[in-house]
Amino acid sequence: MLDETGTPTPKVRRGRSAMRWAEKQKVPDTRDREVPAGFVEAVEAIYDAAPTPERWPAALQAIADLFGDVGGHLIYQREDGAYGTICSPGLEAAGRDYDAAEWWRHDVRFSRSLECGAIARSDTISDRDIATPEEMKSLPFYAQFLRSHGLGWFGAVGISPDPRVGVALAVQRAADRGPWSDAELETLGRLGRHVENALRLGIRLINAEASQHALADALTRLGVGVFLLSSDGRVLFANPAGQELAGDGLLVSGGRLTAHAEGPRETLRARIAEAALGEGLLLDAPRPVIVQGRRRDGFLAVHVIPVRATEGGIVEALLADVAAIAVVTSSQADAPADPALVRDLLGLTLAEARLTALVGVGLAPREAGERLGITEETARTTLKRVFQKTGVTRQSELSALLARMAVR
């Protein structure tokens with residue numbers, strides 16, 4: 001049985017009832033922790049967009065504003081190869097030109113990012129990982145496309161809100177600014193984890209075209225469990241998938257979402273209280289609560305997403321009393337593990353975790369590399385690094401390690 005631990009970090013008070021609820025859970029106060037100016041606003045904007053996909057452009061602009069940059073964008077690709085993009089207002093003109101003039105054919109950032117990301121030591125990359133200074137002066141994508149829009153360096157981070165969807169968050173700065181520093185990339189990496197957490201719900205609503213449906217209807221049609229929770233932890237709404245999962249490690253007791261096992265039960269209570277207090281502000285990287293299944297092998301991963309009450313519209317009316325949304329996914333024994341979970345449990349980069357998840361179900365490095373868009377050589381180099389980090393020496397041991405950790 002896998003026991004998930006974590007230290008909640010509340011920041012902003014939501015109300016007395018929420019405060020009393022949090023005090024009962026003994027949530028530590030870390031309000032004195034230093035954060036970059038604008039970090040709070042960016043994280044709040046990210047969680048504003050979780051149940052409302054049309055707010056992602058504003059959230060991406062808030063992220064860019066944190067760094068004093070032009071804009072940000074999300075690129076997401078599904079298993080079937082279909083992809084989509086969302087950009088902030090500051091990049092709309094460049095985005096239109098990128099599509100109309102087919103600059104994607106010359107986008108070396110895109111073509112090289114998979115290989116570079118697979119060998120990178122962190123989940124963040126910038127142009128210094130993609131191209132040499134000489135190439136940045138001469139390659140058409142840099143010298144013509146970016147320069148014509150007054151753009152220069154970028155910073156990006158890979159995230160995984162769903163095992164079947166790969167996402168990159170990128171921020172673009174003006175041409176007159178210098179390269180990204182390590183500190184800036186570290187902050188972008190932290191923000192990327194919040195974007196990933198918010199997209200656990202958001203990417204599914206985007207795929208379901210939620211903007212064309214009432215939120216309650218869209219949530220009902222999702223294949224993952226969704227629970228809307230009040231500030232004191234009461235369940236205000238559960239979709240059919242959530243109702244089915246409430247009994248397999250999770251349950252609704254006294255009107256509140258909880259877990260059968262004591263460890264996950266206490267952690268889940270703390271995470272919900274954290275969301276109620278934080279109004280979307282979680283300074284540490286969000287982590288799921290892992291709950292062992294009772295009816296079958298495997299586990300449930302509960303991702304708690306903070307919600308802020310805003311005014312106007314059907315979505316806001318439904319969420320008026322909601323402090324948090326719990327998104328519950330279940331493991332499948334015959335499918336690769338969730339790369340984000342493998343990353344967090346084994347201390348890997350996301351690229352390493354994606355390869356590990358595929359090798360863990362028996363794929364050879366060559367086949368796993370083909371699925372991930374990297375060469376066999378890069379796959380084997382990355383796998384050697386995974387072996388060093390996990391202390392195993394062969395693929396069969398890696399598969400056994402994942403099985404023992406209940407992530408298969």
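Worth saying up front: this structure is predicted, and the values here are computed from it rather than measured.
Here the closest non-hydrogen pair linking L222 and A241 is O-CB, 4.1 Å. In plain terms, the two heavy atoms of P286 and H194 that are nearest each other are CG-ND1, 3.5 Å. Between L205 and A218, the closest heavy-atom pair is CD2-CB, 4.0 Å. For the pair S230 and A323, the tightest heavy-atom approach, listed with the atom from each and the gap, is C-CB, 3.8 Å. Smallest separation of non-hydrogen atoms from D99 and W104: O-NE1, 4.3 Å. Across all their heavy atoms, G369 and A379 have their closest contact at CA-CB, 4.2 Å.
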*Residue pair R343, E196: steps toward the salt bridge (Lys or Arg N to Asp or Glu O under 4.0 Å) verdict*: CA-CA 13 Å; R343 173 198 63 200; E196 180 181 276; 2.7 Å; yes
*Evaluation steps, side-chain hydrogen bond (donor to acceptor under 3.5 Å, both in side chains), between T378 and T375*: CA-CA 5 Å; T378 297; T375 65; 3.0 Å; yes
*Does the pair D162 and R200 meet the rule for a salt bridge (Lys or Arg N to Asp or Glu O under 4.0 Å), with working shown?*
CA-CA 7 Å; D162 184 288; R200 285 281 173 180; over 6 Å; no
*Would you sort out whether N239 and Q243 count as a side-chain hydrogen bond (donor to acceptor under 3.5 Å, both in side chains), showing the intermediate values?*
CA-CA 6 Å; N239 71 348; Q243 294 171 17; over 6 Å; no
*Yes or no on side chain to side chain contact (heavy atoms under 4.5 Å, CB included) for R147 and Y142, after CA distance, side-chain angles and deciding distance?*
CA-CA 6 Å; R147 192 172 300 169; Y142 287 98; 6.0 Å; no
*Could you walk me through whether L245 and L300 pass the side chain to side chain contact (heavy atoms under 4.5 Å, CB included) test, one step at a time?*
CA-CA 8 Å; L245 292 173; L300 304 176; 3.8 Å; yes
*Applying side chain to side chain contact (heavy atoms under 4.5 Å, CB included), run through D344 and R193 and close with a yes or a no.*
CA-CA 11 Å; D344 293 342; R193 293 297 190 95; 3.1 Å; yes
*asked:* Does L372 form a side chain to side chain contact (heavy atoms under 4.5 Å, CB included) with L114? I'd like the steps, not just the answer.
replied: CA-CA 8 Å; L372 296 173; L114 292 177; over 6 Å; no
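Atom-to-atom distance recorded for L257:CG and L228:CG is 11.0 Å, nearest 0.5 angstrom. Atom CZ of R354 sits about 10.0 Å away from atom CG of D338, to the nearest 0.5 Å. Atoms CG and CD1, from L229 and I325 in turn, are 8.5 Å apart once rounded to the nearest 0.5 Å. For the atom pair CG (L268) and CZ (R271), the distance works out to 9.0 Å, reported to the nearest 0.5 Å. For the atom pair CG (L169) and CG (L60), the distance works out to 6.5 Å, reported to the nearest 0.5 Å. Atom CZ in F141 sits 3.5 Å away from atom CG in D107 (nearest 0.5 Å).
Both cation-pi conditions hold for R190 and F39: the charged atom is under 6.0 angstrom from the six-membered ring centre and inside a 45 degree cone around its axis.
Looking at L201 and L219, their side chains come closer than 4.5 Å, going by heavy atoms from C-beta outward. Looking only at side-chain heavy atoms (C-beta outward), H106 and S111 stay at 4.5 Å or farther from each other. F67 places a side-chain heavy atom less than 4.5 Å from the side chain of L188. Proximity of R385 to L348: side-chain heavy atoms (C-beta onward) are nowhere separated by under 4.5 Å. Between I130 and I125 the shortest side-chain heavy-atom distance falls below 4.5 Å. Contact check for V307 versus D48: no side-chain heavy atoms found under the 4.5 Å cut-off. In this structure, the side chains of I203 and R164 stay at 4.5 Å or more apart for every pair of heavy atoms. Here the side chains of V165 and Y83 are not in contact, with every heavy-atom distance at 4.5 Å or above.
Shown here is R366, whose CZ atom has no more than 12 heavy atoms of other residues, nucleotides or ligands within 6.0 Å. Other residues, nucleotides and ligands place no more than 12 heavy atoms under 6.0 Å from the CZ atom of F110. For E377, the CD atom sits in a loose shell: 12 or fewer heavy atoms of surrounding residues, nucleotides or ligands are nearer than 6.0 Å.
E184 places a side-chain N or O within donor-acceptor distance of the main-chain N or O of S181, the cut-off being under 3.5 Å. Side chain of Q61 to backbone of V70: a donor-acceptor contact under 3.5 angstrom is found. The backbone N or O of A94 sits nowhere less than 3.5 Å from a side-chain atom of D97 that would complete a donor-acceptor pair. A donor-acceptor pair is defined here as one N or O able to donate and one able to accept, closer than 3.5 Å; no such pair exists between the side chain of R265 and the backbone of T258. With hydrogens and angles disregarded, no donor-acceptor distance shorter than 3.5 Å links the side chain of S126 to the backbone of G155. Judged purely by atom type and a 3.5 angstrom limit, S88 uses its side chain to pair as donor or acceptor with the backbone of G72. In terms of modelled atom types and a separation under 3.5 Å, the side chain of N197 and the main chain of V304 share a donor-acceptor contact.
Legend: side chain to side chain donor-acceptor pair (under 3.5 Å) pairs involving residues 68-78, not counting sequence neighbours, sorted by first then second residue: D69-R173, D69-R177, R78-N207.
Among residues two or more places apart in sequence or in another chain, the salt bridge (charged side-chain N to carboxylate O under 4.0 Å, His left out) test is passed with K389 by E352. Here E397 pairs with T393, R394 under the side chain to side chain donor-acceptor pair (under 3.5 Å) rule; sequence neighbours left out.
Only one option out of D127, V171, L146 pairs with W153 in a side-chain contact (heavy atoms from CB on, under 4.5 Å); it is D127.
A centroid separation of less than 6.0 Å is found between the aromatic rings of F145 and W103.
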